[in-house]
Structure formats: C-alpha cells, structure tokens
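Report on the structure given below.
Atoms within each ligand, like the ligands themselves, are counted from 1 in listed order. Only this structure's heavy atoms are used, side chains among them; waters, hydrogens and symmetry mates stay out. Heads up: numbering here begins at 1 and tracks the sequence.
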Amino acid sequence: MEKLTLNSNLYFGAGSIDALAAFNGKRVAIVTDPIMLKTGIAESAAGLVGCGREAIYDKIEPDPTLEQVAETCKFVESINAEVVVAIGGGSAIDTVKAVVLVLGGKDRKLFFVAIPTTAGTGSEVTNYTVIKDVAAGRKIPIADDRIVPDMAILDYTLTKTVPKTVTAFTGMDVITHALEAYVAEGANAISDAYAEKALRLAFGNLYEAYIHGDSDAARENMMMASYLAGLAFNHAGLGICHSIAHALGAAFKIPHGEANAIALTHVIAFNAGLDVPFGADKSKAALKYAEAARIIGLPAAGTRLSVQYLVREIEDLRNKVGVPRTLMQLGVNAADLRERRAGIIDSVLKDGCTPANPVQPDAGQIGKILDKIMG
Ligand SMILES: NC(=O)c1ccc[n+]([C@@H]2O[C@H](COP(=O)([O-])OP(=O)(O)OC[C@H]3O[C@@H](n4cnc5c(N)ncnc54)[C@H](O)[C@@H]3O)[C@@H](O)[C@H]2O)c1
Ligand SMILES: [Fe+2]
C-alpha cells in the first residue's frame with residue numbers, strides 16, 4: 001500500500017509573495033540570510049505582514065548546522081511567533097524545517113510558510129531537511145511529514161538576483177532530484193509524471209536562466225521544475241548521488257548542487273551498468289534513464305546508447321554552466337581524499353538516501369565512483 005500526502009497550499013507566479021498579506025496582524029518570524037536582507041526582499045516581506053526589521057532573523061548560512069537550528073529556535077521563541085516564514089534557498093527553508101520539528105516537540109504549533117529564492121532544492125514541498133553535525137563531520141538527512149511547509153509561495157521574480165554560479169549549482173540539483181526520483185526504488189506513475197515534467201523544464205531552461213538571469217520564462221520554468229522535482233523525490237526517494245553529495249559537502253565544503261553535478265554522470269553509469277558488459281541491457285534503471293533521454297528530446301536509440309546520450313547531455317550542460325568535472329578541478333587534494341576516503345564511503349553507505357537507489361552498492365563500488373569523481 002502506498003500513501004500520497006499533498007497537504008500544503010501553493011501560491012505561484014510573479015508577485016505571489018503578496019499572499020503573505022494574509023498574515024498581517026499575526027506574530028510573524030521571518031528567517032532568512034544576509035543577502036535577502038541586502039536585496040530588500042526580507043524587508044518587503046516584513047512590510048506585507050505589518051512588521052519591521054525586528055521580525056527578521058537574517059543569520060542563516062549555507063548548509064545549516066545543529067547550532068544554527070538552535071539559534072533560530074531561540075529567535076522564534078523570543079518573539080513568540082505563531083507564523084514562521086522562511087525566505088531563501090534550501091539553507092533557510094531546511095533550517096526552519098528543523099525548527100518546526102524541535103519546537104513542535106515542545107507543543108508549539110507554528111504555521112510554516114516557505115518562499116524559495118533559488119530554483120533548486122524543492123525544499124518548499126518536501127518532508128525532508130538536511131542538517132550538518134559539524135562535530136561529527138556529517139550531513140544528516142531527516143524525513144518527517146510534520147516538517148512539510150503549510151504553505152509555499154513560488155514567486156520566480158525573487159530568483160532573478162541569484163548569481164550565475166548559484167543558478168548553475170541549484171539547477172543541477174533540480175536535474176539530480178528528477179533523475180534520482182525517476183529511477184528510485186519508490187518511483188511510481190505519479191512521481192514519474194512529476195519527474196518527467198521537471199526534466200523537460202530543467203533541461204530546456206537551465207542554460208537560458210544561467211545566461212539571461214532576468215529572463216521571466218527561464219526563471220519561472222526553473223522554479224516550476226524545482227517544485228515538481230521536489231514532489232517527485234518526496235514520493236519516490238533519492239539515491240546515492242545525494243548520499244555522495246552529502247558526504248563530499250560535509251568533508252570538503254562543496255556546495256550541494258555542485259557536488260551532485262560532479263557525481264551525477266558516474267552514478268548514472270553505475271546504476272545503469274554501463275561499465276559492465278551487457279549491464280545496461282539487463283538493468284531496470286537503464287531503461288528508465290533511456291526513457292529520460294527520449295523525454296528531453298535526445299535521438300531515439302537502443303538502451304545503452306540512450307543512456308550514453310543522456311550522460312553526454314549532462315556533461316555538456318554542466319560544462320556550459322561552468323561547473324567543474326572533477327574534485328581535482330575544484331582543488332581537492334588527492335591526499336586529503338585518501339585520508340577521508342573510508343569515512344566518506346561509510347557515510348554514503350549509511351546515508352538516508354542510499355536505500356532508495358535502484359542498485360545497492362558495496363564499499364568497493366562506492367570507492368570506484370569516488371576515484372572517477374576525483375578525476
Ligand atoms: N530539503 C530538501 O529537500 C533539500 C534538497 C536538496 C538540498 N537541500 C539542502 O539545501 C541547501 C542548499 O540550498 P540552495 O542550493 O538553495 O542554496 P543556499 O540556500 O545555501 O543559497 C546559496 C547562496 O545563494 C544565495 N541566494 C539565495 N537566493 C538568492 C537570491 N534570490 N539572490 C541572490 N542570492 C541568493 C544565498 O544567500 C547563498 O549565499 C543545502 O544545505 C542542501 O543540503 C535540501
Ligand atoms: Fe538536492
């Protein structure tokens with residue numbers, strides 16, 4: 001038996017941030033990062049709910065930590081908020097998810113509004129958050145239905161100020177979500193429908209959003225792709241590309257989307273059995289990747305060739321949006337990787353995303369993927 005929960009309200013389109021006006025008169029906490037304060041977006045949000053600067057907590061840093069969650073809880077409690085609005089990328093939204101979990105445990109009911117300002121994580125619609133335990137050097141994915149935002153606002157105009165590198169990384173994160181969900185153990189007709197549309201939109205618009213950051217159509221389509229890919233993986237699960245990105249992100253401070261972009265093609269080759277004679281002909285995942293290749297408009301071909309076309313398409317796009325191909329190009333030193341290798345492999349095997357991968361890897365197979373990623 002499967003269960004599909006879709007319990008959040010969605011507002012979308014240019015100017016949809018105005019939906020915040022419904023909370024005017026409530027005690028509202030706005031959780032964001034310093035850049036959102038600089039762009040003026042956080043203060044206009046505060047204005048819409050009838051608050052001033054005192055309602056804004058702007059100390060969110062990329063890749064939320066347990067300490068950041070604790071500090072944000074203190075702020076939300078200090079103003080006795082009834083509504084908490086996360087404005088920012090996955091880092092702001094993920095922090096508030098953890099806050100909702102912690103304070104919910106203390107019987108504090110918070111209405112949670114998520115307003116993404118990147119087109120990437122899909123966190124505004126998922127039951128999933130990733131928090132870093134700095135002392136243990138690990139990123140911990142947590143899945144819990146209580147942290148799905150009660151309301152999401154997809155106002156693509158907020159993403160027009162996203163710098164090129166962040167557009168590239170977050171866009172590659174969208175593609176990774178859609179592809180991992182498409183081949184995941186939990187994939188079904190409903191998650192496939194979300195993933196397929198997300199793939200069409202993301203492959204069709206990421207380069208344009210990267211080159212012309214002020215393009216309404218490209219930004220809107222990427223924001224929709226991000227949301228749809230979030231819905232897809234919320235139902236189907238992710239896979240070892242995310243497990244590897246979590247481990248590399250924690251070990252070498254590589255942004256989440258960039259780590260995914262570097263690992264993705266190697267994970268596809270492994271899942272599809274491209275390195276094994278006749279592997280791609282037998283693999284269930286290979287058939288799905290081949291279908292994905294057709295969906296994004298690559299020429300029709302047999303299974304193995306279609307998967308190879310897909311890999312090449314991702315490599316081309318990654319190049320065009322300026323994402324490096326290997327950890328070496330990123331400046332990771334081989335000795336550092338060697339030293340951390342056993343820990344990284346262990347963390348990939350234990351990561352919450354690994355069970356959904358279509359093929360269960362052993363330590364040796366993860367090690368081989370890491371060697372390729374290193375370059
Ligand atoms: N919960 C989920 O479902 C999920 C899925 C994937 C990733 N994640 C997590 O999300 C985090 C990454 O999120 P992200 O990729 O959105 O990046 P982010 O939130 O860390 O933001 C990256 C940078 O972009 C800046 N930025 C964001 N919006 C901007 C805008 N409109 N204009 C100018 N600058 C802007 C931020 O200030 C920051 O410096 C990681 O911690 C990752 O583990 C969560
Ligand atoms: Fe992701």
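Within a 6.0 Å radius of OH in Tyr11, no more than 12 heavy atoms belonging to other residues, nucleotides or ligands are found. Taking a 6.0 Å sphere around NZ of Lys164, one finds it holds more than 12 heavy atoms contributed by other residues, nucleotides or ligands.
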Might you work through the side chain to side chain donor-acceptor pair (under 3.5 Å) test for Glu196 and Tyr182, ending with a clear yes or no? CA-CA 8 Å; Glu196 288 178 5; Tyr182 203 49; 2.6 Å; yes
Lys160 and Asp216: salt bridge (Lys or Arg N to Asp or Glu O under 4.0 Å), yes or no, with the steps? CA-CA 8 Å; Lys160 287 187 172 188; Asp216 284 287; 3.1 Å; yes
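Protein heavy atom nearest atom 15 (O) of ligand 1, with residue, atom name and distance: Thr170 CG2, 3.3 Å. Nearest non-hydrogen protein atom to atom 17 (O) of ligand 1 is Gly90 N, 4.2 Å. From the protein, the heavy atom lying nearest to atom 4 (C) of ligand 1 is Thr121 CB, 3.7 Å. The nearest heavy-atom contact from the protein to atom 20 (O) of ligand 1 is Ser91 OG, 2.6 Å. Here the heavy atom of the protein found nearest to atom 9 (C) of ligand 1 is Asp94 OD2, 3.5 Å. The nearest protein atom to atom 22 (C) of ligand 1, hydrogens excluded, is given as Val166 CG1, 4.2 Å; this is a heavy-atom distance. Atom 37 (O) of ligand 1 has its closest protein heavy atom at Asp33 OD2, 2.8 Å.
The closest approach between Thr39 and ligand 1 stays at or above 4.0 Å for every heavy atom of the residue. The shortest heavy-atom distance from Pro64 to ligand 1 is under 4.0 Å.
Using a 4.0 Å threshold on non-hydrogen atoms, atom 31 (N) of ligand 1 counts as touching the protein.
Near Thr118, with a cut-off below 4.0 Å to any heavy atom, the atoms of ligand 1 are 16 (O), 27 (C), 28 (N). Near His177, meaning under 4.0 Å from one of its heavy atoms, ligand 1 places the atoms 5 (C), 6 (C). The distance from ligand 1 to the heavy atoms of Gly89 drops below 4.0 Å at these ligand atoms: 16 (O), 19 (O). Atoms of ligand 1 found under 4.0 Å from any heavy atom of Met36, numbered from 1 in the order shown, are 28 (N), 29 (C), 30 (C), 31 (N), 32 (N), 35 (C). Near Pro163, meaning under 4.0 Å from any of its heavy atoms, are these atoms of ligand 1: 33 (C), 34 (N). For ligand 1, the atoms lying closer than 4.0 Å to a non-hydrogen atom of Tyr128 are 1 (N), 2 (C), 3 (O), 4 (C). Atoms of ligand 1 lying under 4.0 Å from at least one heavy atom of Pro62, given by number and element, are 20 (O).
Contact detail for Leu154 and Leu10: the closest heavy-atom pair is CG-CD1, 3.6 Å.
When non-hydrogen atoms are compared, ligand 1 lies under 4.0 Å from the backbone of Asp63 as well as from its side chain. Contacts with ligand 1 closer than 4.0 Å are made by side-chain heavy atoms of Phe233 only, the backbone lying farther away. The residue His246 has no part lying near ligand 1, judged by heavy-atom distances below 4.0 Å.
Cys241 pairs in a side chain to side chain contact (heavy atoms under 4.5 Å, CB included) with only one of the listed residues (Ile369, Asn271, Val267), which is Val267.
Considering Lys97, Lys139, Glu61 only, the shortest heavy-atom separation from atom 43 (O) of ligand 1 involves Lys139. For atom 34 (N) of ligand 1, the candidate residues are Thr32, Thr117, Ile35; the nearest heavy-atom contact is made by Ile35.
At a 3.5 angstrom cut-off on N or O pairs, Asp173 does not count as close to ligand 1. At least one N or O atom of Thr161, backbone or side chain, sits closer than 3.5 Å to an N or O atom of ligand 1. Below 3.5 Å of separation, one finds an N or O of Thr126 facing an N or O of ligand 1.
Atoms OG1 and CZ, from Thr72 and Phe75 in turn, are 9.5 Å apart once rounded to the nearest 0.5 Å. Glu77 CD to Leu103 CG: the interatomic distance, rounded to the nearest 0.5 Å, is 5.0 Å.
Relative orientation of the His256 and His246 rings is parallel, given thresholds of 30° and 60° on the angle between their planes.
Near the Fe ion (ligand 2), less than 2.8 Å away, sit the protein N, O or S atoms Asp173 OD1, His177 NE2, His242 NE2, His256 NE2.
A salt bridge links Asp346 and Lys350; the closest N-O separation between the charged side-chain nitrogens and carboxylate oxygens is under 4.0 Å.
The main-chain N or O of His235 is never found under 3.5 Å from a side-chain atom of Ser191 such that the two would form a donor-acceptor pair.
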